[in-house]
Amino acid sequence: MKMRGTPLRVLVLGTVAVLSVIYILPVYVMVTTSLKTPLEITQRQYLAPGGNLQFGNFATALRLVAPALLNSSVISVTVTALSVFLGGLGGYFLARFRWPVTKVIFVLLAIALYLPYQAVLIPLVRIMATTKLALTHFGLIFSYLILNVPLASILMATFFFSVPRELEESAQMDGASRLQIFFRIVSVVALPGYASTAILVFIQVWNEFLLALTLVTPYTTTIQVKLNDIKGSYVALYNLQMAAALITVVVPLTFFLFLGKYFIRGILAGALKG
Amino acid sequence: MNPTGLAARLARAKEAAVFVLPLLAFLLVLYGMLAWTFYTSFADWEGTAPNYTFAGLKWYRFMVGLDRFWVDLGNNLRWLILGVAPTVVLALFIAYLLEIGAIKGIEAYLRTLVLYPAAMSFVVTGTIWSWMYQPDRGVLNTLLRAVGLDALTSGYTTDPGTATYWLILIFVWQYLGLAVLILQASFRSVELQEMVESAMLDGASRLRILFAVLIPNIRGGILVVVSLLLIAALKVFDIVYVVTFGGPGYATDVLALFQFIATYQQHLVALGSGLAMVIFALAFIIIIPYTVYALQRWFE
């Protein structure tokens, strides 16, 4: 539905210009501030980059966040792999076994998908504390799994819907079992779907704060909790805060920039677009 | 191949088991924990050691007697209205503009531009925006002073009267792209495109097409966007925790933050559970229409 006209063109360009400023300014500020000296920050020359770029800020920030970066990587990668695997199984059930009970499971999943974490926080922390799982990465891994398998299942189901049934039927004729069909045919065809689901789950887990904060131990501090600590303990050192923030977003932002197509498909699948 | 008999149905159930059992196990744990929270809210758990003695509505009564609870509820309401309505209206405007007037290359640019914050955490955006809002040396006030608009400088999140609104602005900034993306996708159905074409041939104005043709026909998309935003606005915790920690005083406090503080700093665990149930109840109300819609789509 294309339309023409000069006023429209002006409106479009005007909107793009305004949005560009609003969306680029915070990132620009983050990058330039992260390269300044503390003195330059107090001099109120915020928009101009600093005279002498302080790459050392990143070394300092990296030293501070390195263990947390490792914790977050271990937790996010493990949760993503397991969620995608288990979500694939669950999603296949939702997509192919359309029984009355499937509707009930679907409703339970839909609620679980948008469940505020607070509703399960107290029991979860209790379980992790009494089993001592909280002292290891498994505490957060297990917690995130419970909360992300429903999401992964719904997402994978929407992707399995678009796998043609004929593929499966002919394999069935050849005597393949359901599991064989699932792993050798459906999952292979739906690989892009797995990629979308993995990216969405990974970003969600990487960015999660409430559970990570509540279950925090010195050995399992995640990057988000660490960034918040840095913000609290280096109050005036905005250069260090911004360098740490930049390190924190590099991973999800890289996924977004290079695998944006899958990210977008995942969001649309999650939004159940028609 | 036609499953009619009991034996055939059993065989299919056995086939399904391996796919559905792990999912059911996770759902069981999840709903078990929800029930646990529900019970705890009626218990008398105060202090670090669990106490499951039934106390009836004791802690709910305590909750509604707290000023802070009503301040929080008011703030949550502000988040729900101001975090969602402007975002949806703006997103509709941008999505429509992209649909009718996109100049080559601009669409991809604009999409990336407004969508990238969706990949960032609230802790990161909170950190950046704290610096933007910082009253005496921060970015926004410095910019305003530089162009001589000193009158417009403000205390942002340090001013109790307006602090919540500045926090909500961060949320709108972060979620706008997601809303644009979903609404744009719902413009893309073939029938809708044809309806727009014929309305254009009839000489309908652009505004008329938007209000008379597009909006009534993307009710599903709007429902999805509104529900997603409402839930996100209701759950908001990170932004408040990172930027203001509920301050000044508890001017920007929300239920989710109070829940955390009541449980883990004041050790009023029964109260924390009650607050969690209030948040859950609100979320539940929000997702009912969405769930019904999704169910119809899935099982039509």
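Naming convention: chains lettered A, B, ... in sequence-line order (proteins, then strands); numbering from 1 in each chain. For clarity, every value in this text was computed on a predicted model and none was experimentally measured.
Crowding of Phe284(B) atom CZ: a count of heavy atoms from other residues, nucleotides or ligands under 6.0 Å not exceeding 12. For CZ of Arg98(A), the number of neighbouring non-hydrogen atoms (other residues, nucleotides, ligands) closer than 6.0 Å is greater than 12. Applying the 6.0 Å contact sphere to CZ of Phe161(A) captures more than 12 heavy atoms from other residues, nucleotides or ligands.
Proximity to chain B is limited to the backbone of Arg96(A), based on heavy atoms less than 4.5 angstrom apart. With a threshold of 4.5 angstrom between heavy atoms, Phe38(B) does not approach chain A through any atom at all. Only the side chain of Leu24(B) comes within contact range of chain A, with at least one heavy atom under 4.5 Å from a heavy atom of that chain. Contacts between Ile231(B) and chain A at a heavy-atom distance below 4.5 Å involve the side chain alone, from C-beta outward. Neither the backbone nor the side chain of Leu255(B) comes within less than 4.5 Å of any heavy atom in chain A. Neither the backbone nor the side chain of Phe245(B) comes within less than 4.5 Å of any heavy atom of chain A. For Leu178(B), the part lying under 4.5 angstrom from a heavy atom of chain A is the side chain only. Using a 4.5 Å cut-off between heavy atoms, Leu228(B) contacts chain A through its side chain alone, with no backbone atom that close. Within the 4.5 angstrom heavy-atom criterion, only side-chain atoms of Gln259(B), from C-beta onward, approach chain A. Of the atoms belonging to Phe299(B), heavy atoms from both backbone and side chain fall under 4.5 Å from chain A. Both the backbone and the side chain of Thr112(B) come within less than 4.5 Å of a heavy atom in chain A. For Phe255(A), no part lies under 4.5 angstrom from a heavy atom of chain B. Both the backbone and the side chain of Leu113(B) come within less than 4.5 Å of a heavy atom in chain A. With a 4.5 Å cut-off on non-hydrogen atoms, Leu27(B) touches chain A through its side chain but not through its backbone. Using a 4.5 Å cut-off between heavy atoms, Ala146(B) does not touch chain A at all.
Contact annotation: the side chain of Ile264(A) approaches that of Leu115(B) to within less than 4.5 Å [non-hydrogen atoms, C-beta and beyond]. Residues Val20(B) and Tyr92(A) have side chains not in contact (no heavy-atom distance under 4.5 Å, counting atoms from C-beta outward). Side-chain atoms of Tyr109(B) and Val16(A), non-hydrogen and from C-beta on, do get closer than 4.5 Å to each other. Between Ile122(A) and Trp36(B) the shortest side-chain heavy-atom distance does not fall below 4.5 Å. Within the 4.5 Å cutoff, the side chain of Leu121(A) has heavy atoms near those of the Tyr264(B) side chain. For the pair Ile127(A)/Val29(B), no side-chain contact is recorded, criterion being any heavy-atom separation below 4.5 Å from C-beta on. Leu108(A) has its side chain out of reach of Leu30(B): every pair of non-hydrogen atoms, C-beta onward, lies at least 4.5 Å apart. Contact of the Leu13(A) side chain with the Ile106(B) side chain is registered, since non-hydrogen atoms from C-beta on lie closer than 4.5 Å.
Separating the CZ atom in Phe280(B) from the CG atom in Leu115(A) is a distance of 6.0 Å, to the nearest 0.5 Å. Atom CE of Met120(B) is separated from atom CG of Asn207(A) by 9.0 Å, given to the nearest 0.5 angstrom. Here the CD-CZ distance, from Gln118(A) to Phe237(B), works out to 7.5 Å after rounding to the nearest 0.5 Å. Here the CD1 atom belonging to Ile287(B) is positioned 5.0 Å from the CD1 atom belonging to Ile111(A), to the nearest 0.5 angstrom. Separating the CZ atom in Phe106(A) from the CG atom in Leu295(B) is a distance of 6.0 Å, to the nearest 0.5 Å. Distance check, rounded to the nearest 0.5 Å: CD1 of Ile105(A) to CG of Leu23(B) gives 6.5 Å.
Ring centers of Phe122(B) and Phe209(A): at least 6.0 Å apart, outside the cut-off.
Between Val124(B) and Ala245(A), the shortest heavy-atom contact is CG2-O, 4.0 Å. What you find for Thr127(B) and Met242(A) is that their closest heavy atoms are O-CE, 3.5 Å. The minimum heavy-atom distance linking Met132(B) with Val29(A) is given by the pair SD-CG2, 4.3 Å. Of all heavy-atom pairs between Pro116(A) and Ala283(B), the closest is CG-CB, 3.5 Å. Heavy-atom minimum distance, Phe26(B) versus Ile146(A): CD2-CA, 3.7 Å. In terms of heavy-atom proximity, Arg178(A) sits nearest to Arg12(B) at NH2-NH1, 3.3 Å.
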TODO: Report the C-alpha separation of Thr158(A) and Trp298(B) in whole Å, then their side-chain angles, then the decisive distance to 0.1 Å, and conclude whether the side chain to side chain contact (heavy atoms under 4.5 Å, CB included) test is met.
DONE: CA-CA 9 Å; Thr158(A) 61; Trp298(B) 271 54; 3.5 Å; yes
- [ ] Could you please spell out the steps behind the side chain to side chain contact (heavy atoms under 4.5 Å, CB included) verdict for Val12(A) and Leu98(B)?
- [x] CA-CA 8 Å; Val12(A) 172; Leu98(B) 279 176; over 6 Å; no
- [ ] Could you please spell out the steps behind the side chain to side chain contact (heavy atoms under 4.5 Å, CB included) verdict for Arg206(B) and Leu8(A)?
- [x] CA-CA 10 Å; Arg206(B) 285 176 195 127; Leu8(A) 181 64; 4.1 Å; yes
Open item on the list: Please determine whether side chain to side chain contact (heavy atoms under 4.5 Å, CB included) holds for the pair Leu89(A) and Leu21(B), giving the CA-CA distance in whole Å, both sets of side-chain angles, and the decisive distance to 0.1 Å.
Closed with: CA-CA 9 Å; Leu89(A) 292 175; Leu21(B) 283 182; over 6 Å; no
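When atom types are taken as modelled, the side chain of Tyr117(A) and the backbone of Lys235(B) share no donor-acceptor pair closer than 3.5 angstrom. A distance-only check finds a donor-acceptor pair linking the side chain of Trp173(B) to the backbone of Ile22(A) [under 3.5 Å].
Note on ring orientation: taking the six-membered ring where Trp is involved, the planes of Tyr290(B) and Tyr114(A) are perpendicular (angle over 60°, cut-offs 30° and 60°). Ring geometry for Phe97(A) against Phe19(B) counts as tilted: the plane angle lies between 30° and 60°, on a 0 to 90° scale. Aromatic ring pairs are classed by plane angle as parallel below 30°, tilted from 30° to 60° and perpendicular above 60°; the pair Tyr116(B) and Tyr23(A) is perpendicular.
Per-residue counts of heavy-atom pairs under 4.5 Å with chain B were compared for Ala157(A), Ala119(A), Gly232(A); the largest is that of Ala119(A). Annotation: maximal heavy-atom pairing with chain A below 4.5 Å, among Thr291(B), Ile279(B), Leu181(B), occurs at Leu181(B). Options Phe93(B), Phe260(B), Trp129(B), Tyr241(B) differ in how many heavy-atom pairs under 4.5 Å they form with chain A, and the most are formed by Tyr241(B). Ranked by non-hydrogen atom pairs under 4.5 Å with chain A, the options Pro50(B), Ser41(B), Pro22(B) are led by Pro50(B). Annotation: maximal heavy-atom pairing with chain B below 4.5 Å, among Met30(A), Lys103(A), Glu208(A), occurs at Lys103(A).
Trp206(A) and Ser121(B) are not linked by any side-chain donor-acceptor pair at a separation below 3.5 angstrom, with hydrogens and angles left out of the test.
If you run side-chain contact (heavy atoms from CB on, under 4.5 Å) between Val123(B) and each of Val249(A), Asn228(A), Thr222(A), only Asn228(A) comes through.
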